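Throughout, protein chains are lettered first and strands after them, A, B, ... in sequence-line order, and every chain is numbered starting at 1. What you see is a predicted model, and the numbers here were worked out from it, not measured in a lab.
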There are 2 protein chains.
Amino acid sequence: MSGLPEIPDATVARLPIYRRSLVQLISSGESTASSADLADLAGVNAAKVRKDLSYLGTYGVRGVGYDAEMLLIQIDRALGLEFETPVVIVGMGNLGQALAHYGGFQSKGFPIVALVDASDDKVGQEIDGLTVSHFDDLARTVSENGISVGIIATPADAAQKVCDALVDAGVRSILTFAPTVLQLPDSVPVRKVDLATELQILGYYQQREGGEDAETA
Amino acid sequence: MSGLPEIPDATVARLPIYRRSLVQLISSGESTASSADLADLAGVNAAKVRKDLSYLGTYGVRGVGYDAEMLLIQIDRALGLEFETPVVIVGMGNLGQALAHYGGFQSKGFPIVALVDASDDKVGQEIDGLTVSHFDDLARTVSENGISVGIIATPADAAQKVCDALVDAGVRSILTFAPTVLQLPDSVPVRKVDLATELQILGYYQQREGGEDAETA
DNA sequence: ATTCTCTTGTGCATTGGTGCACAAGCAGTA
DNA sequence: TACTGCTTGTGCACCAATGCACAAGAGAAT
Ligand SMILES: NC(=O)c1ccc[n+]([C@@H]2O[C@H](COP(=O)([O-])OP(=O)(O)OC[C@H]3O[C@@H](n4cnc5c(N)ncnc54)[C@H](O)[C@@H]3O)[C@@H](O)[C@H]2O)c1
Ligand SMILES: NC(=O)c1ccc[n+]([C@@H]2O[C@H](COP(=O)([O-])OP(=O)(O)OC[C@H]3O[C@@H](n4cnc5c(N)ncnc54)[C@H](O)[C@@H]3O)[C@@H](O)[C@H]2O)c1
């Protein structure tokens with residue numbers, strides 16, 4: 001579809017960090033950003049920054065750096081952030097409600113436009129200006145609102161069912177908090193956030209305290 | 001300290017998934033687990049499972065598989081899960097409160113034993129059986145409770161300060177939700193969970209919808 | 001004892017990621 | 001125009017991770 005040249009996974013995972021760093025530089029008045037500046041703010045090697053950015057095209061100027069505004073536009077284009085991406089949260093328990101209240105998604109281009117739960121306790125309730133709708137109406141909720149991202153915040157044992165329903169409803173990518181492996185078509189990308197897993201990973205490095213790092217990929 | 005042979009990062013990140021799969025097999029009555037079983041539940045390649053587990057030692061039996069209970073013990077030993085690891089949450093806003101209410105940490109060996117905030121609105125409040133203590137008392141809170149993990153759930157601009165305070169207080173590893181790069185000594189491992197970043201990564205893969213995967217590392 | 005079946009453990013080739021080091025090239029100055 | 005200072009873009013060598021493929025070994029059956 002897009003004529004872009006295929007960006008390595010490791011690079012894609014860093015683009016949002018560069019973006020954040022860049023926004024920071026811009027808001028502090030800089031109009032150009034060098035790879036060294038970005039490397040510093042992003043906590044990585046400057047050569048890596050340059051190689052990563054080179055996948056977007058040749059937007060740097062030797063001897064000067066990158067034009068900050070231009071680079072931001074290019075990163076946004078690569079990440080598909082030119083347009084807003086509406087999100088639905090499924091599962092309005094502890095976590096789902098915290099996510100619904102969080103303003104950070106809206107401001108980053110991912111407005112939360114619908115909330116869904118299966119429990120009668122939750123359905124109909126108003127949370128942060130949105131009325132919780134029923135899981136059975138998911139397909140309609142998704143299509144009516146043009147939703148393309150689904151966030152799963154249900155217990156693990158409901159996650160696969162919710163996942164299937166989201167895919168059927170036409171959601172194009174999924175972010176899950178449920179600690180379980182989801183089965184889904186290759187055409188729908190998933191990211192998993194599992195907090196207990198993160199703590200367990202820390203346990204390993206903490207145990208052999210003494211230096212090795214534990215970078216989040 | 002431990003005479004263990006140094007486990008690759010990629011393997012460490014998968015051990016918690018194997019652990020979860022193993023617990024699942026055990027609770028469904030299995031007493032042995034083959035690499036194929038585990039691979040299936042964990043959503044990875046069977047050869048990878050075997051190579052990963054081989055870093056723990058030689059606990060499999062050819063023709064049979066792994067003794068489930070024994071393997072669980074070995075994974076727990078590698079991850080330092082033999083003993084409970086007390087946790088403090090700093091920042092009792094939306095997210096901090098959701099985390100405090102979540103029972104999953106306790107049951108996975110990471111009891112939340114203290115809650116901290118800097119705002120007078122929050123300090124003194126009781127949440128889930130714990131009284132929120134003041135940020136200025138962090139050092140005492142950490143040492144009195146033998147806390148070794150700190151979770152940062154404050155806004156990004158307070159995160160570095162909180163991080164420094166946690167390290168000074170003697171915390172041995174950190175999990176942060178603040179969307180910012182933290183500066184801290186190599187001896188203290190960190191893991192970062194950044195939800196906006198996750199959504200942006202999904203944006204890339206969604207844009208070039210058509211097959212490439214987007215595995216969480 | 002021999003054979004057959006099943007599963008581990010690992011050697012090896014391949015792929016992906018990292019970072020050093022340097023030539024290429026722009027801007028500003030004289 | 002020629003020179004200087006700075007920063008990009010990338011070739012290259014290294015290291016980590018992946019997964020195929022197979023020999024080695026365990027147990028069951030005959
Ligand atoms: N709360 C946390 O801080 C936290 C931390 C780490 C992981 N998690 C994970 O996040 C998930 C949610 O956690 P939580 O604490 O919010 O749980 P919760 O029990 O508070 O909320 C779960 C919600 O999902 C709803 N639900 C159940 N089945 C559903 C279905 N089929 N369709 C729609 N909604 C359904 C329930 O009605 C409930 O409102 C869990 O998988 C949990 O393991 C939560
Ligand atoms: N809520 C979410 O769903 C969500 C999602 C993604 C990321 N995050 C990130 O998690 C962090 C917390 O988000 P939130 O929505 O809970 O924010 P919040 O504003 O609701 O809560 C922040 C809390 O931190 C406290 N605080 C501020 N400075 C402090 C300090 N120095 N020491 C101790 N406490 C301090 C505040 O008093 C407040 O109670 C933010 O960095 C946010 O970007 C939150």
Side-chain angles (χ1 to χ4, degrees), chain A residues 5-15 17-18 21-22 25 30-68 70-71 74-75 78 201 204-205 211-217, chain B residues 5-15 17-18 21-22 25 30-68 70-71 74-75 78 201 204-205 211-217:
Chain A
E6 173 97 11
I7 303 175
D9 290 353
T11 295
V12 171
R14 282 187 295 267
L15 288 179
I17 318 292
Y18 297 148
S21 307
L22 196 51
L25 283 173
E30 302 291 332
S31 64
T32 64
S34 72
S35 61
D37 293 340
L38 288 170
D40 200 42
L41 287 173
V44 301
N45 181 293
K48 201 187 285 189
V49 173
R50 291 197 295 276
K51 192 162 292 185
D52 284 342
L53 296 182
S54 76
Y55 291 109
L56 305 182
T58 303
Y59 296 107
V61 179
R62 289 164 196 246
V64 178
Y66 300 87
D67 179 281
M70 184 56 170
L71 185 56
Q74 295 308 324
I75 292 177
I201 294 172
Y204 172 82
Y205 293 101
E212 303 82 359
D213 60 341
E215 285 308 301
T216 302
Chain B
E6 173 98 12
I7 304 176
D9 290 353
T11 295
V12 171
R14 281 187 295 266
L15 287 179
I17 317 293
Y18 298 148
S21 308
L22 196 51
L25 282 174
E30 302 292 331
S31 65
T32 64
S34 72
S35 61
D37 294 340
L38 288 170
D40 200 43
L41 288 173
V44 301
N45 181 293
K48 202 187 287 190
V49 172
R50 290 197 296 276
K51 192 161 291 184
D52 284 341
L53 296 182
S54 76
Y55 290 108
L56 305 181
T58 303
Y59 297 106
V61 178
R62 290 163 195 247
V64 178
Y66 300 87
D67 179 281
M70 185 54 171
L71 186 55
Q74 295 309 324
I75 292 177
I201 294 172
Y204 172 82
Y205 293 101
E212 303 80 0
D213 61 340
E215 284 308 300
T216 302

Is a donor-acceptor pair below 3.5 Å formed from side chain B/K51 to base D/dG19, judging by atom type as modelled?
-> yes
Rounded to whole angstrom units, what separation is found between the CG atom of B/L53 and the P atom of D/dT18?
-> 14 Å
Whole-Å distance, A/Y55 OH to C/dG17 C1', equals 9 Å
Return the polar atom pairs (N/O with N/O) between nucleotides 27-30 of chain C and the protein under 3.5 Å, or none.
none

Integer-rounded Å distance: D/dG25 C1' and B/R50 CZ = 14 Å
Distance test, side-chain N/O of A/K48 to OP1/OP2 of C/dT18, below 4.0 Å | yes
Between B/S35 and C/dT7, does any side-chain N or O lie under 4.0 Å from OP1 or OP2?
-> no
May I have the distance from A/Y66 (atom OH) to D/dT7 (atom C1'), rounded to whole angstrom?
-> 9 Å
Side-chain heavy-atom pair A/L53, A/L56 within 4.5 angstrom cut-off = yes
Determine whether A/L22 and A/L41 make a side-chain contact, defined as any pair of heavy atoms from C-beta on separated by less than 4.5 Å.
-> no
For residues A/I7 and A/D52, determine if any side-chain heavy atom of one lies less than 4.5 Å from a side-chain heavy atom of the other.
-> no
Provide, to the nearest angstrom, the distance between the CZ atom belonging to A/R14 and the C1' atom belonging to C/dG17.
-> 8 Å
Answer yes or no: is there a side-chain heavy-atom contact under 4.5 Å between A/V61 and A/D67?
-> no
Most 5' of B/A47 and A/N45 on DNA chain C, judged by nearest nucleotide = B/A47
Donor-acceptor contact present, side-chain B/D37 to main-chain B/S34, <3.5 Å | yes
Roughly how many Å is it from CG in B/D9 to P in C/dT18, rounded to a whole number?
-> 12 Å
Roughly, in whole Å, what's the span from CG in B/D52 to P in D/dG19?
-> 11 Å
Check whether any side-chain heavy atom of B/L38 sits under 4.5 Å from a side-chain heavy atom of B/L25, and report yes or no.
-> yes
CD1 of B/I7 versus C1' of D/dA17: gap in Å, rounded?
-> 15 Å
Side chains of A/V12 and B/Y205: does their closest heavy-atom pair fall under 4.5 Å?
-> yes
